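Small disclaimer: the values here were computed from a predicted structure and weren't measured.
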There are 2 protein chains.
Amino acid sequence: MYSIRVSTPERLIEATRELLWERGYVGTSPKAILQRAGAGQGSMYHHFTGKPGLALAAIRRTAQETRAAAEAVLGGPGSPYERIEAYLRRERDVLRGCPVGRLTMDPDVVASDDLRAPVDETLDWLRERLASIVEEGQELGEFPPALDGEEIAATIVATVQGGYVLARASGSAAAFDTGVRGLLSLLAPRSPAGDSPARGSSTPTKA
Amino acid sequence: MYSIRVSTPERLIEATRELLWERGYVGTSPKAILQRAGAGQGSMYHHFTGKPGLALAAIRRTAQETRAAAEAVLGGPGSPYERIEAYLRRERDVLRGCPVGRLTMDPDVVASDDLRAPVDETLDWLRERLASIVEEGQELGEFPPALDGEEIAATIVATVQGGYVLARASGSAAAFDTGVRGLLSLLAPRSPAGDSPARGSSTPTKA
DNA sequence: GTCTATATAACGATAGAC
DNA sequence: GTCTATCGTTATATAGAC
């Protein structure tokens with residue numbers, strides 16, 4: 001294995017991605033980015049228009065990676081419920097928060113249409129993707145037909161995003177998992193033909 | 001009505017509360033606080049230990065008010081489901097985000113046990129309060145006994161907190177409402193004996 | 001392309017007059 | 001108690017050498 005020599009713009013983007021995740025936009029200074037990237041002032045302003053331009057490149061990449069990671073699970077094998085469960089139970093750096101969702105609490109990101117756009121598009125895509133899976137599950141009889149796919153999708157995404165809030169408030173990932181288990185118990189397929197009425201049969205804990 | 005003359009410490013706390021809500025801790029400077037409060041540097045450092053001390057007073061008050069506002073609905077009239085619904089549908093400044101929850105995305109708040117404590121306590125209190133209401137609903141047959149009260153409570157709080165994220169990402173309060181409707185449809189009492197699946201208002205006691 | 005030097009403003013806090 | 005003056009540091013950006 002050769003050690004890969006990464007270009008300076010590449011290092012700048014990656015350093016910015018890390019810092020935006022850790023400290024947000026207003027909490028990240030160009031100086032901190034340059035130190036982490038091992039670059040000088042000149043490099044940053046040569047390749048990018050400044051802090052906003054560099055942040056835009058970083059946010060776009062993070063958004064793209066986040067979508068790809070979600071699709072890897074949502075487009076995987078299993079029934080609709082199983083794929084949603086896999087998405088909800090996917091391993092996460094819970095205490096670090098969502099690298100996309102956390103940006104919505106950044107006043108300068110929300111104030112900029114450019115910076116907010118990738119965030120909006122990512123969460124919107126995720127909601128649509130989940131909505132179609134819920135509807136697929138309804139056709140298969142896995143979910144009650146009375147449910148609204150888009151509403152349930154929004155609830156799923158919100159539970160994940162809010163789970164990060166609960167976890168970071170308490171300093172423990174447990175709260176995230178508790179909220180996810182609650183949602184899964186509400187979504188758990190009730191057998192359509194009149195089987196045992198036990199809810200949450202596929203949730204391991206709290207039998 | 002006499003116009004009330006508010007003390008300087010009072011104005012400082014209120015200005016800080018507003019700015020913490022709008023811009024978070026790292027995004028709020030002492031200078032901005034002093035300008036909004038109409039006070040000079042000396043006043044702030046005379047009454048408080050500095051930015052962290054002032055922020056702590058502001059966060060504590062916001063936490064207290066948030067709990068009181070939630071209790072006003074959760075301790076109100078109606079069945080357990082109805083009280084939860086009232087809490088979820090309560091009017092909110094959705095696009096401004098949650099003044100308590102948004103602080104969890106602030107690196108300096110999370111890094112400080114003092115500043116994080118009121119946030120943690122508020123969300124923890126809310127989860128416990130909701131859990132007891134869910135369990136009450138289970139005793140009344142309004143919710144399935146297989147559900148776990150604490151899990152459902154965490155899901156409810158997470159849906160609200162995540163709803164703010166969706167709303168701020170899209171720049172519209174609609175996404176919040178969509179997620180709430182999805183959660184309510186999952187929680188809606190299904191008649192225990194196999195009645196009609198109409199949701200909402202058929203409650204046994206305390207109508 | 002990358003670096004250092006520099007510029008202007010803001011940040012967070014202190015000192016001391018009144 | 002409140003004010004202004006000041007301090008040392010950082011934020012964000014530009015200039016110009018190499």
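Here the P atom of nucleotide C:dC11 and the CE atom of B:M44 are 12 Å apart, to the nearest Å. One atom, OH of A:Y25, and another, P of D:dA11, lie 13 Å apart when rounded to the nearest Å. When the P atom of D:dA5 is taken as reference, atom CD of B:Q41 falls 12 Å away, rounded to whole Å. In this structure, A:I33 places its CD1 atom 10 Å from P of D:dA13, rounding to the nearest Å. Atom NZ in A:K51 sits roughly 18 Å away from atom C1' in D:dT14 (whole-Å rounding). Residue B:R23 contributes atom CZ, which lies 9 Å from atom P of C:dC11 at whole-angstrom precision. In this entry the distance linking CG of A:L34 with P of C:dT2 reads 12 Å, nearest Å.
Looking at A:R23 and A:T28, their side chains never bring a donor and an acceptor atom within 3.5 Å of each other. Looking at A:R102 and A:Y164, their side chains never bring a donor and an acceptor atom within 3.5 Å of each other.
Here C:dA10 is the nucleotide among C:dA10, C:dG12, D:dT10 with the atom lying nearest to any side-chain atom of B:K31. Listed candidates were C:dT2, D:dC3, C:dC11. Nearest to the side chain of A:H47 is C:dT2. Which of D:dT14, C:dA13, D:dG1 sits closest to the side chain of B:P52 comes down to C:dA13. When distances run from any side-chain atom of A:Y45 to the nucleotides C:dG12, D:dT12, D:dT2, the shortest one goes to D:dT12. Here the nucleotide nearest the side chain of B:S29, chosen from C:dT2, C:dG12, D:dA11, is C:dG12. Residue B:T8 has its side chain nearest to D:dT2 when only D:dT2, C:dA5, D:dA11 are considered. Distance from the side chain of B:H46 is smallest for D:dG1 among the nucleotides D:dG1, D:dA5, D:dT14.
Only one option out of A:T155, A:V160, A:I156 pairs with B:T159 in a side chain to side chain contact (heavy atoms under 4.5 Å, CB included); it is A:T155.
B:T28 comes within 4.0 angstrom of sugar-phosphate atoms only, judged by non-hydrogen atoms across all strands, and of no base. Among the atoms of the strands shown, none is found under 4.0 Å from any heavy atom of A:T49.
The side-chain contact (heavy atoms from CB on, under 4.5 Å) test applied to A:R61 returns A:E10, A:I13, A:E14, A:R17, A:E65, not counting sequence neighbours.
A donor-acceptor contact shorter than 3.5 Å is absent between the side chain of B:T16 and the backbone of B:L54.
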